[in-house]
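These notes are about the structure you will find just below.
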Amino acid sequence: MSALTVLRRYAAKTDLSTIPDSVLFTHTDTSLTLFDLFPKSNTFHFLMMPRITPSLPEEHTRDLRTLLKWDKEKARKVIEGLARDARSVQDMIKEEMKKRFGFEWPIFTGFHAVPSMEHLHLHIIASDLFSDRMKHKKHYNSFHPKRGFFLHLEDVLSWFDATPSYYKTMAKLPKSQYEPLLKEDLICWRCNESFKTIPKLKEHLRAEWEKDAAKVKVKELKRQREDEEYVDIDKRSVKRSTPAAPEEPTP
DNA sequence: GTTCTAGAAC
DNA sequence: GTTCTAGAAC
């Protein structure tokens, strides 16, 4: 099976039990969410795609361009359905971020303007873009939130409510306009510093992310220490048998 | 999309 | 000499 058409084969399935747990993260009646096989985030990277049904035939879901060429209101319903399901995946990611790392960091949700695999798929990816699989300039630029190649889901939704001519213009998604964006300089999406090579950029992105993670750890330690002090004060107050002080406002 | 690898960049 | 990129092949 071609690597380019693997997504469509999953999207057409009615019996999901044939998809391994290592591939399928979650699903609804209208969408499947897969673990990206080559994650570009070090932590969370999912692909969400609409399921192929009689009312949503595969000829209209090859990619975003194909979908937007179809009936506008039908296309809107598809995108809105993905947006609804994406919110619940984002919530699951946020819970997992808090549980595993003690803090939340941005999640990017959007389409590639020129996708390299067939069948419409939405990327839901945490912004720590320094995984082992992040190897080339085009990988990074395809997820850079301000580069223009990554089409944020909210932006795509807004096209439907813009003027018809704006919708028509955006819906064209010309390769010739978007592909050159992948070759532009490597710029940190957080601080705009530019880097000559992918390894240098990744080193920087990792350091920035680890700084955020470290801040949380310092805060946690401080809170623990404060809790211990409160305990000491409580013991003393018991010994002296002074009346309980009014409750301290929590910081 | 990835892997492979020649040769550029340092 | 080593690291890294980018184009060809799949």
Side-chain angles (χ1 to χ4, degrees), chain A residues 1-13 18-27 31-52 58-68 82 86 89 107-145 147-153 156 173-189 192-208:
Chain A
M1 177 184 24
S2 159
L4 279 62
T5 57
V6 61
L7 295 184
R8 185 186 295 129
R9 219 180 69 160
Y10 286 131
K13 280 187 189 294
T18 60
I19 306 179
D21 287 350
S22 59
V23 174
L24 184 64
F25 173 61
T26 188
H27 72 276
S31 75
L32 300 183
T33 302
L34 313 183
F35 294 94
D36 192 295
L37 188 55
F38 302 99
K40 301 307 186 292
S41 157
N42 201 42
T43 52
F44 306 98
H45 185 181
F46 298 104
L47 298 182
M48 175 181 284
M49 49 197 195
R51 299 175 71 172
I52 295 167
E58 65 171 57
E59 54 182 312
H60 300 302
T61 56
R62 183 192 167 91
D63 52 29
L64 190 59
R65 187 184 311 125
T66 312
L67 181 73
L68 299 184
L82 290 176
V89 171
I107 300 167
F108 303 148
T109 304
F111 303 95
H112 280 162
V114 184
S116 41
M117 279 187 293
E118 290 179 17
H119 195 67
L120 179 67
H121 55 282
L122 180 70
H123 290 272
I124 304 175
I125 183 169
S127 57
D128 49 308
L129 301 174
F130 49 82
S131 77
D132 292 346
R133 294 296 188 165
M134 177 68 82
K135 291 180 176 175
H136 304 292
K137 182 182 261 188
K138 67 174 178 183
H139 291 156
Y140 179 72
N141 280 336
S142 74
F143 289 105
H144 189 298
R147 183 52 87 216
F149 188 92
F150 189 82
L151 306 174
H152 297 270
L153 179 59
V156 174
L173 295 168
K175 262 193 193 183
S176 59
Q177 185 190 319
Y178 285 99
E179 270 178 341
L181 299 173
L182 298 176
K183 300 191 183 239
E184 291 194 4
D185 290 349
L186 293 169
I187 308 280
C188 170
W189 65 270
N192 292 329
E193 187 176 347
S194 93
F195 293 86
K196 278 267 179 284
T197 68
I198 283 282
K200 293 288 180 211
L201 169 70
K202 283 169 68 177
E203 205 178 293
H204 168 80
L205 291 173
R206 179 184 287 279
E208 294 278 295

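Below, read A as the first sequence line, B as the second, and so on, with proteins coming before strands; counting in each chain starts at 1. Since this is a predicted model, take the numbers as computed values, not measurements.
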Whole-Å gap separating P (B/dG1) and CZ (A/Arg9)
21 Å
Over how many whole Å does the gap from A/Tyr140 atom OH to B/dG1 atom P extend?
16 Å
Contacts of type salt bridge (Lys or Arg N to Asp or Glu O under 4.0 Å), residue A/Glu184, not counting sequence neighbours:
A/Arg147
In this structure, how many angstroms lie between the P atom of B/dG1 and the NE2 atom of A/His119, rounded?
17 Å
In whole Å, what is the span from the CG atom of A/Leu37 to the P atom of B/dT3?
10 Å
Listed by chain and number, what are the side chain to side chain donor-acceptor pair (under 3.5 Å) partners of A/Ser31, not counting sequence neighbours?
A/Thr28, A/Asp85
Looking at A/Arg133, does any N or O in its side chain come under 4.0 Å of the phosphate oxygens OP1/OP2 on B/dT3?
yes
If you count every heavy atom of other residues, nucleotides or ligands that lies below 6.0 Å from A/Arg62 atom CZ, does the total exceed 12?
no
For A/His121, what residues pass the side chain to side chain donor-acceptor pair (under 3.5 Å) criterion, not counting sequence neighbours?
none
One character per nucleotide, please: for nucleotides 4-10 of chain C, 5' to 3', B when the base has a protein heavy atom closer than 4.0 Å, S when only the sugar-phosphate does, - otherwise.
SSBS---
Could you check how far NZ of A/Lys202 sits from P of C/dT3, rounded to whole Å?
15 Å
Considering residues at least two apart in sequence or located in another chain, which fulfil the side chain to side chain contact (heavy atoms under 4.5 Å, CB included) criterion with A/His60?
A/Pro57, A/Trp70
Please list, chain by chain and in numerical order, all residues satisfying salt bridge (Lys or Arg N to Asp or Glu O under 4.0 Å) with A/Arg206, sequence neighbours excluded.
A/Glu210
